[in-house]
Participant: 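Please see the structure below; I have some questions.
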Amino acid sequence: MAPKKQTLGEFIIENQASFKYSSGELSSLLNSIRLAAKVVNHEVNKAGLVDIIGAAGDTNIQGEDQQKLDVYANDKFKQTLTRRNIICGLASEEEDDFISINSQDENHQNKYVVLIDPLDGSSNIDVNVSVGTIFSIYRRVTPIGTPVQLEDFLQEGSAQVAAGYVVYGTSTMLVYTTGDGVNGFTLNPAIGSFYLSHPDMEFPEDGTIYSVNEGNYIHFPQGIKNYIKYCQLEEEDRPYTSRYIGSLVSDFHRNMIKGGIYLYPQSSKNPNGKLRLLYECNPIAFLAEQANGKASDGFTRIMDIKPTELHERVPFICGSKNMVDKAEEFMQKAR
Ligand code: AHM
Ligand code: MG
């Protein structure tokens with residue numbers, strides 16, 4: 001008989017004791033994310049059926065059009081995380097400012113803050129391509145009993161307690177780490193439960209896939225241009241395969257399983273790149289390192305960067321360790 005598959009709920013409970021600061025709070029928080037992910041998944045799956053796709057008319061803090069599902073996902077995660085007595089603060093890529101949460105019965109007694117990109121890659125929705133949710137969890141640094149402050153959110157990535165993503169793909173998966181490796185769970189839509197399908201996920205040390213928006217090539221720094229040329233050279237195991245979905249979570253997920261590198265560098269158009277340090281790069285970097293991969297801005301470890309503002313952007317290079325090392329080497333040489 002095939003062994004019984006563990007559900008995400010069972011896994012969270014079973015691993016609670018190994019959390020560094022085990023009090024059950026982090027488990028409840030992960031369970032809330034699991035719940036919100038299912039609700040958003042249901043809506044994302046219906047996107048082609050109902051009149052919910054298309055720009056909602058609003059623009060977010062970065063001046064980009066918001067799709068309706070961005071708004072929906074933001075609301076659902078916000079509601080699920082704020083209505084329960086679990087966290088003390090929330091910051092979202094879709095909101096200008098962070099939210100301080102004052103739980104009803106005990107004033108500011110919770111210790112975790114969550115940073116979230118509720119629906120990343122949302123420009124892919126109307127063409128039925130995978131999108132994702134990315135989350136990042138920290139312990140607050142200001143005293144319990146007081147409202148959270150900006151500094152609770154502007155922590156270095158290395159201080160993350162947990163991080164993960166949901167990929168709404170051909171299957172929906174939730175992948176997360178609490179600093180003890182990376183595990184992936186696949187949703188069985190008939191039952192509504194996530195099952196442990198990818199235990200101990202790891203990047204192969206090397207890979208043959210590179211993922212970058214080459215349309216921006218002309219605007220890239222010389223080090224990145226040279227690295228791309230290196231990927232295309234006919235030598236050893238090269239040329240590498242080019243795969244770019246334009247949905248960070250999906251590109252990362254594929255590269256982690258198959259071995260590869262993802263690059264969103266700075267360019268003459270976007271001097272700091274496009275991706276946000278707090279909502280996208282730090283959580284993905286934490287997962288990458290926990291899966292024996294690497295994440296860098298070309299020179300510095302992503303999780304060592306001290307954030308200065310909520311919506312800060314950074315150049316992002318992430319993937320199989322040897323590939324990221326090589327890209328850094330090219331950046332150094334062209335400095
Ligand atoms: P978003 O948060 O506005 O969706 O932007 C982030 C997305 C990433 O998922 C993706 O890797 C990147 O933007 C694609 O950008 P581009 O279309 O410039 O290649
Ligand atoms: Mg995003």
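Order of appearance sets the numbers: ligands from 1, and atoms from 1 within every ligand.
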Participant: In Asp120, the N, O or S atom nearest to the Mg ion (ligand 2) is which?
Facilitator: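 For Asp120, the N/O/S atom sitting closest to the Mg ion (ligand 2) is OD1.
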Participant: With atoms numbered from 1 as shown, which atoms in ligand 1 lie under 4.0 angstrom from a non-hydrogen atom of Gly246?
Facilitator: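 This gives 9 (O), 10 (C), 11 (O), 14 (C) as the contact atoms.
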Participant: To the nearest 10°, what's the angle at the Mg ion (ligand 2) between atoms OE1 (Glu93) and OE2 (Glu280)?
Facilitator: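 OE1 of Glu93, the Mg ion (ligand 2) and OE2 of Glu280 span an angle of about 80°.
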Participant: Indicate yes or no: at least one non-hydrogen side-chain atom of Ile261 is less than 4.5 angstrom from one of Tyr227.
Facilitator: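 They are in side-chain contact.
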Participant: One residue to check: Asp117. Relative to ligand 1, which of side chain, backbone, both or neither has a non-hydrogen atom less than 4.0 Å away?
Facilitator: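 The answer is the side chain of Asp117.
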Participant: Of all heavy-atom pairs between Ile317 and Gly298, which one has the smallest distance, and what is that distance?
Facilitator: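 Distance-wise, the nearest heavy atoms are CD1-CA, 3.8 Å.
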Participant: Are Ser211 and Asn255 close enough that a side-chain donor and a side-chain acceptor fall under 3.5 Å?
Facilitator: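 Present: a donor and an acceptor within the cut-off.
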Participant: By number and element, which atoms of ligand 1 are closer than 4.0 Å to a non-hydrogen atom of Leu248?
Facilitator: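 Per the distance check, 8 (C), 9 (O), 10 (C), 11 (O).
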Participant: Do ligand 1 and Leu119 have nitrogen or oxygen atoms that lie under 3.5 Å from each other?
Facilitator: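 Between Leu119 and ligand 1 (N or O atoms, distance only) the closest approach is not under 3.5 Å.
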Participant: Can you find a pair of side-chain heavy atoms, one from Asn41 and one from Val166, that are under 4.5 Å apart?
Facilitator: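 Asn41 vs Val166: side chains apart.
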Participant: Which ligand 1 atoms are under 4.0 Å away from a heavy-atom of Glu93?
Facilitator: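 In order of numbering, the contacting atoms are 2 (O).
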Participant: For the ring pair Tyr230 and Tyr210, is the centre-to-centre distance below 6.0 Å?
Facilitator: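 No.
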Participant: Show the atoms of ligand 1 that are less than 4.0 angstrom away from any heavy atom in Asn213.
Facilitator: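 With Asn213 as reference, the close atoms of ligand 1 come out as 16 (P), 18 (O), 19 (O).
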Participant: Is any side-chain N of the basic residue among Glu25 and Lys111 closer than 4.0 Å to the acidic one's carboxylate O?
Facilitator: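 Between Lys111 and Glu25 there is a salt bridge, with a charged N closer than 4.0 Å to a carboxylate O.
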Participant: Run the numbers for me: atoms of ligand 1, each under 4.0 Å from some heavy atom of Arg276, listed by number.
Facilitator: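 Within the 4.0 Å cut-off of Arg276, ligand 1 contributes 2 (O), 5 (O).
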Participant: Rounded to the nearest 0.5 Å, what separation is found between the CG atom of Asn15 and the OG atom of Ser27?
Facilitator: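 Taking CG in Asn15 and OG in Ser27, the distance rounds to 9.0 Å.
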Participant: Report, in ascending order of atom number, the atoms of ligand 1 lying under 4.0 Å from any heavy atom of Glu280.
Facilitator: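 Answer, ordered by atom number: 2 (O), 6 (C).
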Participant: What I want to find out is whether Arg140 reaches Glu151 closely enough, with some N-O distance under 4.0 Å, to be called a salt bridge.
Facilitator: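 No, Arg140 and Glu151 are not salt-bridged.
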Participant: Which of the atoms in ligand 1, numbered in the order shown and given with their element, are less than 4.0 Å from a heavy-atom of Tyr262?
Facilitator: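 Near Tyr262, meaning under 4.0 Å from one of its heavy atoms, ligand 1 has 10 (C), 11 (O).
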Participant: Can Lys229 be said to sit on top of Tyr217's aromatic six-ring, NZ or CZ under 6.0 Å from centre and within 45° of the ring axis?
Facilitator: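 Yes, cation above the ring, under 6.0 Å and within 45°.
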Participant: Are Ile33 and Leu119 connected in a single hydrophobic cluster, I mean Ile/Leu/Val/Met/Phe/Trp/Tyr linked by side-chain heavy atoms less than 4.5 Å apart?
Facilitator: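 Yes, it is one cluster - the side chains of Leu119 and Ile33 are joined through contacts under 4.5 Å.
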Participant: So which of Tyr244, Phe252, Phe316 gets nearest to atom 19 (O) of ligand 1, if we judge by its closest heavy atom?
Facilitator: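 Nearest option to atom 19 (O) of ligand 1, by heavy atoms: Tyr244.
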Participant: Can you tell me which N/O/S atom of Asp117 has the shortest distance to the Mg ion (ligand 2)?
Facilitator: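 Sorting the N, O and S atoms of Asp117 by distance to the Mg ion (ligand 2) puts OD2 first.
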Participant: Please identify which atoms of ligand 1 are closer than 4.0 Å to at least one heavy atom of Ser122.
Facilitator: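 Answer for ligand 1: 4 (O).
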Participant: So, is Gly121 polar-close to ligand 1, with some N/O to N/O distance under 3.5 Å?
Facilitator: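 Yes; at least one N/O pair falls below 3.5 Å.
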